[in-house]
Number of protein chains: 2
Amino acid sequence: MYSPIVSTQKRPSRQERPGTRERLVRSTQELLWERGYVGTSPKAILERADVGQGSMYHHFTGKSELALAAIRRTAEEMKQTAEECLTGPGTAYDRVAAYLLREREVLRGCPVGRMTQDRDVVHSPVLRQPLDEMFGWLRGRIAEVLAEGQRRGELAAGLDPVAGAATVAAVVQGGYVLARAADDTAPFDAAVQGVLALLAAQVTPAAG
Amino acid sequence: MYSPIVSTQKRPSRQERPGTRERLVRSTQELLWERGYVGTSPKAILERADVGQGSMYHHFTGKSELALAAIRRTAEEMKQTAEECLTGPGTAYDRVAAYLLREREVLRGCPVGRMTQDRDVVHSPVLRQPLDEMFGWLRGRIAEVLAEGQRRGELAAGLDPVAGAATVAAVVQGGYVLARAADDTAPFDAAVQGVLALLAAQVTPAAG
DNA sequence: GTCTATATTTTGATAGAC
DNA sequence: GTCTATCAAAATATAGAC
């Protein structure tokens, strides 16, 4: 992975300005989060990256290829953030709670979930793939944690790990929607507290 | 409200073609659902409504005013649909289940929730207001149903109706997100089944 | 590799005929 | 009220100099 000829990846010797390609990807990540795919113009990307028009079309064939790189990056970052919460210490409940309660910029919404509302993204198999992969992984990973909790006797055997995992993931995504509609983080917090309380009722008395 | 001079509202004598204004609103509702605010051009609206450009700017000052009419209409329709489920027969659990399990075009997403992902909508107090009102009402209405269930002894007293209501609403909105990412309704159904199972654990043995 | 023209199409709206 | 020009700006690329 680290050959001077092949690698155009980051060589982070101190804090130098990232390369053009890297700046283009990061700017696109930000803009896709804020405005979505249709709402993000090449011009806006160039201006934010402080790069000329030619540079963009040198590194990428166009808007969609650049968006793909940005979406992949965002999905990967989100996956790592979630993994840190779900692999932390404590019981299964603790780890799911850590995921639900982790710090978030609630009113900005989820940068991955945001993309599911974009026609051009979900209608393109290649652009949708990173979203599918990320949320599929997330639901699977939460289900694993819940199933592990059951094996350890922490959680009621009657709980369906797959359904429970989908519920947890949906509460977060739906919480963003409710919060943005209200321009207030309260509905997000309420939704999280609600599902945590329901989950707490599944914790076996011995292990709680 | 029904004076021949003032009223330009629907006069539904059999199934005649709706008026120009009405067709513009309906077309806009559809397009906002499919493409969002940024993705919906006046031209697309006109073509779908089969109306000339001048007609649109005669009835509305521009895109945003037309969008406001469409968003208000959609929010109102959504409210009535939800109300029918939540006011139905049966226990509190039954009514919440009726809301969660009602027929939906899952992969199309929620036409109201969709709008929360549109920068121009949430940043405009007047365009966001119908979303806020609708989701605020929904959470309040579900909370009422849950609280009523508690008073009747159907649901555990420990349940927080406000938090539980936010969770139920979030599961639906988040379910849409997960389903669209997967291009498959299964995650939506799993999330709904998950929260219903958790809620069923709050049903008191006597009343279940 | 990066930049500055240039080009085509679409957007969102206005003007004015009928 | 509805229609067909017309328009300035933006979106999305391409061309070609450096």
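Chain naming here is simple, since letters A, B, ... match the order of the sequence lines and numbering starts at 1 in each. A quick note: this is a predicted structure, and the numbers were derived from the prediction, not measured.
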Applying side chain to side chain contact (heavy atoms under 4.5 Å, CB included) to A:Thr87 and not counting sequence neighbours gives A:Glu83, A:Arg141
B:Met56 has an atom CE; how far is it from atom P of D:dT4, in whole Å? 16 Å
Proximity to DNA chain D (any heavy atom under 4.0 Å), residues of residues 58-73 of chain B only: B:His58, B:His59
Output all residues satisfying side chain to side chain contact (heavy atoms under 4.5 Å, CB included) with B:Asp183, sequence neighbours left out; order by chain, then residue number. A:Arg128, B:Leu107
Please identify each residue that fulfils side-chain hydrogen bond (donor to acceptor under 3.5 Å, both in side chains) with A:Arg48, with sequence neighbours left out. A:Glu30, A:Glu34
How would you list all residue pairs meeting ring pair (Phe, Tyr, Trp, His ring centres under 6.0 Å) that involve residues 169-193 of chain B, not counting sequence neighbours? B:Tyr176-B:Phe188
For A:Pro111, enumerate each residue passing the side chain to side chain contact (heavy atoms under 4.5 Å, CB included) test, keeping only those at least two apart in sequence or located in another chain. A:Trp33, A:Thr74, A:Met78
Residue closer to the 5' end of DNA chain D, A:Lys43 versus B:Thr20 (nearest nucleotide): B:Thr20
Starting at atom CG of A:Asp120, determine the distance to atom C1' of D:dT12, rounded to an integer number of angstrom. 13 Å
Using a strict heavy-atom distance below 4.0 Å, which residues from residues 34-42 of chain A are in contact with DNA chain D? A:Thr40, A:Ser41, A:Pro42
Listing, residues 129-138 of chain B side-chain donor-acceptor contacts under 3.5 Å, not counting sequence neighbours, or none:
none

Contacts of A:Arg17 that satisfy salt bridge (Lys or Arg N to Asp or Glu O under 4.0 Å) - sequence neighbours left out: A:Asp50
Side-chain heavy atoms of A:Gln150 within contact of A:Glu154, under 4.5 Å: no
What salt bridge (charged side-chain N to carboxylate O under 4.0 Å, His left out) pairs are there with at least one residue in residues 57-75 of chain B, not counting sequence neighbours? B:Glu22-B:Arg73
Extract, from 5' to 3' on DNA chain C, the first and final nucleotides lying under 4.0 angstrom from some heavy atom of chain B. C:dT11 to C:dT14
Less than 3.5 Å apart, which donor and acceptor atoms pair up between the side chains of residues 192-203 of chain B and the rest of the protein, not counting sequence neighbours?
none

